[in-house]
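Here's the structure we're looking at; comments come further down.
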Amino acid sequence: MSELADFDAPLPRSFYERDVRIVARQLLGCYLVHRRGRSLVGGRIVETEAYGGPGDPGSHADRAPDGRARIMFGPAGFAYVYFTYGMHHCVNAVCGPEGKGSAVLFRALEPVLGIEEMRAAGAPSSLPDAKLASGPGRICRALGIDKALNGADLTAGTLRIVPGKKVRGIHATTRIGLSRDDGREWRFFVDGPSVSGGSRRPRR
DNA sequence: TCTATGATCGTA
DNA sequence: ACGATCATAGAG
């Protein structure tokens with residue numbers, strides 16, 4: 001994987017076991033990579049959102065802790081993958097101490113590895129390469145992530161996060177697309193063409 | 001059981 | 001601005 005850090009040296013579990021806001025910021029610049037057969041598909045993380053446990057009205061963990069979000073209450077460093085709007089998957093990394101119920105949602109990647117595979121996964125031909133993983137649903141479509149990866153160990157399985165270069169110029173805004181929220185600025189991104197561009201997106 | 005809705009995206 | 005499309009949550 002050439003200029004990238006090694007797929008065989010993923011972030012350790014201790015990285016995820018800290019406050020979800022710290023982890024969300026430090027994940028920027030790291031690489032989310034999925035090994036599919038012989039090939040690697042992934043990119044540089046440029047946008048994340050932090051979700052707290054009970055008490056964060058925007059978090060799935062605030063609603064039904066024994067439902068789909070129960071994986072959020074388990075140990076850190078595992079994937080929480082859910083299906084929404086009848087057609088999209090979204091992927092998170094469980095963070096914080098076990099039982100806290102917090103996680104980081106991956107919202108956008110800058111495509112780096114397996115760009116041909118990303119495009120073949122059903123992206124509209126009008127989408128430029130930079131936008132192939134721009135948005136939580138697009139990340140999962142581009143990398144081939146679905147509920148089969150719910151609960152997967154991000155430190156050892158086929159879906160991993162590997163360290164990258166430290167980033168500067170992190171912006172913080174309110175989170176996108178929530179019906180219940182309290183305005184906390186827990187969305188983090190670094191400027192660039194791969195940042196998601198939904199119609200409800202707050203400006204910098 | 002039944003119904004409403006969503007941490008979205010593509011097209012108009 | 002709207003429709004797709006279905007698992008989940010909340011109501012009855």
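Counting to the nearest Å, the P atom of C:dT8 and the NE2 atom of A:His88 are 16 Å from each other. Straight-line distance from the CG atom of A:Asp62 to the C1' atom of C:dA9: 13 Å, rounded to whole Å. Atom C1' of nucleotide C:dA9 and atom CZ of A:Arg70 are separated by 14 Å, given to the nearest angstrom.
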Can you give me every donor-acceptor pair (side chain of residues 63-78 of chain A, partner residue at least two apart or in another chain, under 3.5 Å) with its distance?
from: A:Arg68; atom 1: NH2; to: A:His60; atom 2: NE2; distance (Å): 3.2
from: A:Arg70; atom 1: NH1; to: A:Gly67; atom 2: O; distance (Å): 2.6

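Pairs of residues two or more places apart, or lying in two chains, that qualify as side chain to side chain donor-acceptor pair (under 3.5 Å) and include a residue from residues 111-122 of chain A are A:Ser39-A:Glu117, A:Arg119-A:Asp129.
For A:Lys147, a side-chain nitrogen or oxygen approaches OP1 or OP2 of C:dT8 to under 4.0 Å.
Judged as a salt bridge (charged side-chain N to carboxylate O under 4.0 Å, His left out), and not counting sequence neighbours, the contacts of A:Arg13 are A:Asp153. Applying the side chain to side chain contact (heavy atoms under 4.5 Å, CB included) rule to A:Ser14 yields the partners A:Pro12, A:Glu17; only residues at least two apart in sequence or on another chain are considered. Listed by chain and number, the residues in a side chain to side chain contact (heavy atoms under 4.5 Å, CB included) with A:Ser194 are A:Val46, A:Glu110, A:Pro111, A:Ala130 (sequence neighbours excluded). For A:Arg21, the side-chain hydrogen bond (donor to acceptor under 3.5 Å, both in side chains) partners two or more places apart in sequence, or in a different chain, are A:Asp19. For A:Pro124, the side chain to side chain contact (heavy atoms under 4.5 Å, CB included) partners are A:Ser126, A:Leu127, A:Arg141, not counting sequence neighbours. A:Asp181 pairs by the side chain to side chain contact (heavy atoms under 4.5 Å, CB included) definition with A:Arg175, A:Leu178, A:Arg184, not counting sequence neighbours. In this view, A:Tyr51 and A:Glu49 satisfy the side-chain hydrogen bond (donor to acceptor under 3.5 Å, both in side chains) rule, not counting sequence neighbours.
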How is the base pairing of DNA chain B summarised as a dot-bracket string, given the Watson-Crick and G-U wobble criteria with both distances under 3.5 Å, [ ] for crossing and | for another strand? ||||||.||||.
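C:dC2 and B:dT5 have their C1' atoms separated by 16 Å, with the value rounded to a whole Å.
Because its NZ or CZ atom is not both nearer than 6.0 Å to the ring centre of A:Tyr16 and within 45° of the ring axis, A:Arg18 does not count as a cation-pi partner of that residue. A cation-pi arrangement is found for A:Arg160 relative to A:Phe7, the charged atom lying closer than 6.0 Å to the ring centre and inside a 45° cone about the ring normal.
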Shorter than 3.5 Å, N or O on both sides, protein versus nucleotides 3-7 of chain B: list them out with atom names.
from: B:dG6; atom 1: OP1; to: A:Ser179; atom 2: OG; distance (Å): 2.9
from: B:dG6; atom 1: N2; to: A:Tyr85; atom 2: N; distance (Å): 3.2
from: B:dG6; atom 1: N3; to: A:Tyr85; atom 2: N; distance (Å): 3.4
from: B:dA7; atom 1: OP1; to: A:His60; atom 2: NE2; distance (Å): 2.7
from: B:dA7; atom 1: N9; to: A:Tyr82; atom 2: OH; distance (Å): 3.3
from: B:dA7; atom 1: N7; to: A:His60; atom 2: NE2; distance (Å): 2.9
from: B:dA7; atom 1: N1; to: A:Asn92; atom 2: OD1; distance (Å): 2.6
from: B:dA7; atom 1: N3; to: A:Tyr82; atom 2: OH; distance (Å): 3.3

Between protein and nucleic acid, restricted to nucleotides 10-12 of chain B and to nitrogen or oxygen atoms under 3.5 Å apart, what atom pairs and distances do you find?
from: B:dG10; atom 1: OP1; to: A:Arg141; atom 2: NH1; distance (Å): 2.7
from: B:dG10; atom 1: OP1; to: A:Arg141; atom 2: NH2; distance (Å): 2.7
from: B:dG10; atom 1: OP2; to: A:Arg138; atom 2: NE; distance (Å): 2.8
from: B:dG10; atom 1: OP2; to: A:Arg138; atom 2: NH2; distance (Å): 2.5

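In this structure, A:Lys131 reaches neither bases nor backbone, as no heavy-atom distance under 4.0 Å exists between it and the strands shown.
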